[in-house]
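Labels below follow one simple rule: chain letters A, B, ... track the order of the sequence lines, proteins then strands, and each chain is numbered from 1.
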Amino acid sequence: MTQTTAGTAASTNGRTQRNRFNEVPASVSYPDMEEAILKLWKNKNVFQRSMQEREGGPEYVFFEGPPTANGRPGIHHVLARAFKDMFPRYKTMQGYHVLRKGGWDTHGLPVELEVEKQLGLTGKDQIEEYGVAKFNQMCKESVWEYLSDWEALTERMAFWVSLEDAYVTMNNEYVQSLWWILKQLWDKGLLFEGYKVVPYCPRCGTPLSSHELSLGYQEGTVDPSVYVKFAVKGEDDAYLLAWTTTPWTLPGNAALAIGEEVDYLKVRDSSGATLYVAKELAENVLEPGYEPLAEMKGAALVGKEYHPLFRFGPPVDERYAYVIAADFVSTADGTGIVHIAPAFGADDLAVGQAHNLPVFHTVDASGCFKPEVTPWAGLFVKDADPHITSDLKDRGLLYKAGTYEHTYPFCWRCETPLIYWAKETWYLRTSEFKDRLVALNNTINWVPDHVRGGRFGRWLENNVDWALGRDRYWATPIPIWKSDAPGSDYKECVGSVAELAEKSGRDLSGLDLHRPYVDDITWPAPDGGTMRRVSELCDVWFDSGSMPVAQWHYPFSNQDQWETYKQADYICEAIDQTRGWFYTLHAVSTLLFDRPAFKNVICLGLILAEDGSKMSKSKGNVVDPWQVFADHGADATRWYMYTAGPPGNARRFSGNLVAEVKRRFLNTLWNTYSFFVVYANLQEAQDGTGDGANATEVSAEAALQDRWLQSELNRLVRDVTAAYEAYDVTAATRPIADFVDELSNWYVRLNRRRFWDGDAAALSTLRNTLVTVSKLLAPAIPFISEEIYQNLVAGLEPDAPDSVHLADWPQFDESRIDDRLHADMALAQKVTTLGRAARESVALKVRQPVQKVVVRARSQDENAGLERLSDLLLTELNVKELGLADQAGDLVDLTVFPLPKQLGQKYGRGYPVIRSKFAEMDQRQLAARFDAGESVTVEGEGQDYVVEPEDVEVRRTPRAGLAVAEDGGYLVAVTTTLTPELEMEGHARELVRRIQQLRKDSDLDISDRIKLTLSDSPLLSSLLSAHRDYIESETLTLDVALRSDFGEVSNSDTVTFSLGEEEITVGLEKA
RNA sequence: GGGCCUGUAGCUCAGUCGGUUAGAGCACUGUGCUGAUAACGCAGGGGUCCGUGGUUCGAGUCCACGCAGGCCCA
């Protein structure tokens, strides 16, 4: 056999004259094989044809969630792409036309930050100084930094997606579609400018959307914890005690909030000062030695005025620095008195607006104190915390200070701690559509199911308006122009380049729809000012969420495609997209079209390192997909992804785990395939028919085996198809592995003799099975399935498609599924296993025949099944007769087992009574009554229980002289006494095994004929006289000689071993 | 603090409608079989089915409350 490890079928170097099928190495390098398949696909243009040849078929719509190509693809991308790939492939084989349009996400902060790093810029001032045009040009180029990695990885793992006509979010066409969408939303009154406190990254100079915010929480963040004394007006040395972890917000303080129903204490502390604090928290907060003075409800404190801690900037008209009531005040932590800074908290702003409090903007857009905050002007707020604390301390207004550990949000890109900051920005009014978002979501098929009502559903129920605006450079400009006339609020939204050209009266045909170019377009406003674009850009999530529309440049072109592809049948991403792409797709589609953007979605769990921890660069436990592909191949990697566990669960990943599925599944499949080719070619060489044109007589036993395999195969096709239809990936893959295991270790093993004999039925059954399996596997592991298909089908059958991926999905024939045979065979396997265990227990080798096996099954039906398969059982267990325990008479002991299900349902608490009563009775008598069809009445306390024969199982346990094994109610026993005839037969088989081993060791071809020389002895001569034909035919022996002296034998291989009581020597040479 | 998910052998996972003794693979040890197989069979050790309580004749399975881990949100 060739040592080439790859390039079998794929490197179609022509089938030899002698062989119908290309030779298949027993041991294969999957990576090399896969590379050869990649070439084949390229040469035959298979991917393109998989789309072209299905044109005219029903459409199956897949949306690609666009990755960003400015980061290296990792193993989690392989996970997502493996799941993305399989359904388009499956549907294509089902006859659907599946357009696999790719996409790239190209805008946004990640790109900008990368460029900033390259240029050594820090912050927006430096970018503006550098020049926005040049900066954005750099962004445009940087986007493709790792494009070739992405393309190579995509191809290598066989994710079939059209990258050549991928949508690109930064292209003018794409941006123009976004403008059209925004105009639609504008016309519906859904775009508005609002004053809101937002999580804000001072480093990046932009607010973060809630889905961005969710990316950057860090546990265990240590912040200052300060208890501040607010001096009450009109009370001597009396203070309201408030707690904060952000001292920098104190100069923005406008009020203190209490809970109206909360109980408060007025206490005198050891220094003599009077303090107000929530009663429940007093003990935690206050230093020991305080003395309660009074107790009151929070309502009693409302309206109390205090001296502001600080006061900077111009005077304000509004009243401030007094106690208000707010329902969010709790006694979970702090002091029960909450410091309110409307500029720096969402709750604060809301309650501030309700009370008409002033908003003290003490912090600028870079997170530094403004000039009017004189002591700390220009200082970054987090850096100012200690200064403010010590200032308070110096002024006697600090009660105590320490640190506090909590979960705090950081910028998901630059890791700067976020601040909450009131900002004027553009919003999309999604909250108005909350009910529709929820209702439409309920029509989507989520896998796993719980995401619909769980994480995603909850998220929708708590919907807040989408903060769309970004104060950055590299993204889609919000196409709203505003009059700059003093006091003017005149705005227009522009929905296309043509509209902009008309308004501005300029030819804009070459305009780049990015900053700074769009900002240069102005026109006179009707109110005398000039129309200038608002400064903000669009959240990049809006880009990807709009891809159903924008990927077609709709409505400016491709109206037909849009109509066809406007709603996805299937999308797939990881769970982290719940608030990302899943949400933005759903939101845009709901607001614009009032329909879901996708019908089916697989939501993947996260990928973890082998030890279950998170993969991260800092831990150094990141797995490089290229390494895994090089070690084990893409098929093995994909197969692991599909079968490792439910898709929605987090899964561990490592090369070792992939190696395991390779060994366990791929090697088994490959070996079966290789086995088939060897014997099919052998048959071909002998009579030129190969896969079974020469119909030979098939025994009933063989026919049964073939029928069983056909039945199992049809069952498999049925189940796998159903699983694909249900988007149940685990159920679409795991059963194939189980089937292949049965195919290899049951069907092939049992029928080995038939293959050796060139049995046409066996060869064609196996070939048909392998071909069907390769089709079932094609969507999951596209390489090995192609390899098998290429060798066994393509080019051999005149009408066969060129590739398994151009072939039709297998159909199943319900009439060929034989449930009884299925059950019979499963039982036979169980019994075989137990029989071997029984032999094991007394060290009886399987090749030593024994007289009888006695089986106890669990029902008469099963007994009948055993009888139907008795030939098989006799062969497998190497016994002469099969007995059933209930006919075995005195060979067995009896026990009566009351069945819990029947009796439990009938009598409930009577069951244990019956059970204990039965245990006290004579089993043989009891069994006899049930066997005779009688019912037995058991007397319980105050109630009699009638037990019918069908309520019990009479168990028969073989007695002495038998070796026994038992499991799950089944019992198998074999006789252990050996007659001389049985012993002799065992010796014959032993001798054959030794000769076969010697043949193998002598490197003989499997069809070589031999001459045997055996040492002369009484045992061997009687063995030969009894079993000569058997020995000769098994070992392809033409001639046997017995001789006493082996010294004369030359040119032959010998082996010496003990057989029975004797030492035997065997020599062989090629005939 | 809230939501969602997960918890079964050292590891990866099954476990149907609540019902007989909770299974498989990997790993380990022993052993056997084999002219396809670097494969396979068999045996052994290895289990607080996360815990507690409840429902039930009977709970890995249903319910409640916890615990731990993960993810998300505040």
Between [options], which nucleotide has the shortest distance from any of its atoms to the side chain of [X]?
X      : options             : value
A:R734 : B:C4, B:C26, B:A14  : B:A14
A:L899 : B:C4, B:U20, B:G25  : B:U20
A:L606 : B:U37, B:C26, B:C71 : B:C71
A:R752 : B:G19, B:U37, B:G25 : B:U37
A:I575 : B:A36, B:C13, B:C71 : B:C71
A:N671 : B:A36, B:C5, B:C13  : B:A36
A:R664 : B:C40, B:A39, B:C4  : B:C40
A:Y679 : B:A14, B:A36, B:C4  : B:A36
A:R663 : B:G25, B:A39, B:C4  : B:A39
A:Y911 : B:C13, B:C57, B:G3  : B:C57

Considering every strand shown, what is the Watson-Crick or G-U wobble mate of [N] when both distances are under 3.5 Å?
N     : value
B:G44 : B:C28
B:A59 : none
B:G18 : none
B:A36 : none

If I pick the [atom1] atom on [M] and the same atom on [N], what distance separates them, to the nearest angstrom?
N     : M     : atom1 : result
B:G47 : B:A24 : C1'   : 15 Å
B:G35 : B:U31 : C1'   : 22 Å
B:G23 : B:U16 : C1'   : 14 Å
B:U61 : B:G53 : P     : 14 Å
B:G58 : B:G44 : P     : 32 Å
B:C72 : B:U55 : P     : 40 Å
B:G70 : B:G54 : P     : 32 Å
B:G7  : B:C13 : P     : 10 Å

Report the distance from atom [atom1] of [X] to atom [atom2] of [N], rounded to the nearest whole Å.
X      : N     : atom1 : atom2 : value
A:I607 : B:C5  : CD1   : C1'   : 17 Å
A:K662 : B:A39 : NZ    : P     : 12 Å
A:N667 : B:A36 : CG    : P     : 17 Å
A:F456 : B:C4  : CZ    : P     : 16 Å
A:D951 : B:U20 : CG    : C1'   : 14 Å
A:F739 : B:A24 : CZ    : C1'   : 19 Å
A:D741 : B:C26 : CG    : C1'   : 14 Å
A:L750 : B:A36 : CG    : C1'   : 15 Å

Have a look at [X] and say if it touches a base, only the backbone sugar-phosphate, or nothing, with a 4.0 Å heavy-atom cut-off.
X      : result
A:V748 : base
A:P735 : nothing
A:G910 : nothing
A:R455 : base

Decide whether A:Y30 and A:D631 meet the rule of one side-chain donor and one side-chain acceptor closer than 3.5 Å.
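No.
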Can a side-chain donor-acceptor contact be found between A:N463 and A:S431 if the only test is distance below 3.5 angstrom?
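Per modelled atom types, A:S431 and A:N463 side chains form no pair under 3.5 Å.
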Centroid-centroid distance, [X] to [Y], less than 6.0 Å:
X      : Y      : result
A:Y420 : A:Y200 : no
A:F653 : A:H76  : no
A:F582 : A:W459 : no
A:Y945 : A:Y911 : no

Testing the basics here: between A:R455 and A:T578, what is the closest heavy-atom pair and its distance to 0.1 Å?
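So the minimum-distance heavy-atom pair works out to CD-OG1, 3.9 Å.
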A:V992 vs A:N649, nearer the 5' end of RNA chain B by closest nucleotide:
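It is A:N649, whose closest nucleotide lies nearer the 5' terminus.
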Taking A:T643's backbone N and O only, do any of them form a donor-acceptor pair with A:R734's side chain (distance below 3.5 Å, no angle check)?
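Flag set: sc A:R734 to bb A:T643 pair under 3.5 Å.
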Look at the side chain of A:R749 against the base of B:C40 and say whether a donor-acceptor pair falls under 3.5 Å; ignore hydrogens and angles.
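Looking at the base of B:C40, it does not pair with any donor or acceptor on the side chain of A:R749 (distance under 3.5 Å).
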Does any donor-acceptor pair link the side chain of A:S744 with the base of B:A36 at a separation under 3.5 Å?
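By the distance-only test, yes, there is a pair.
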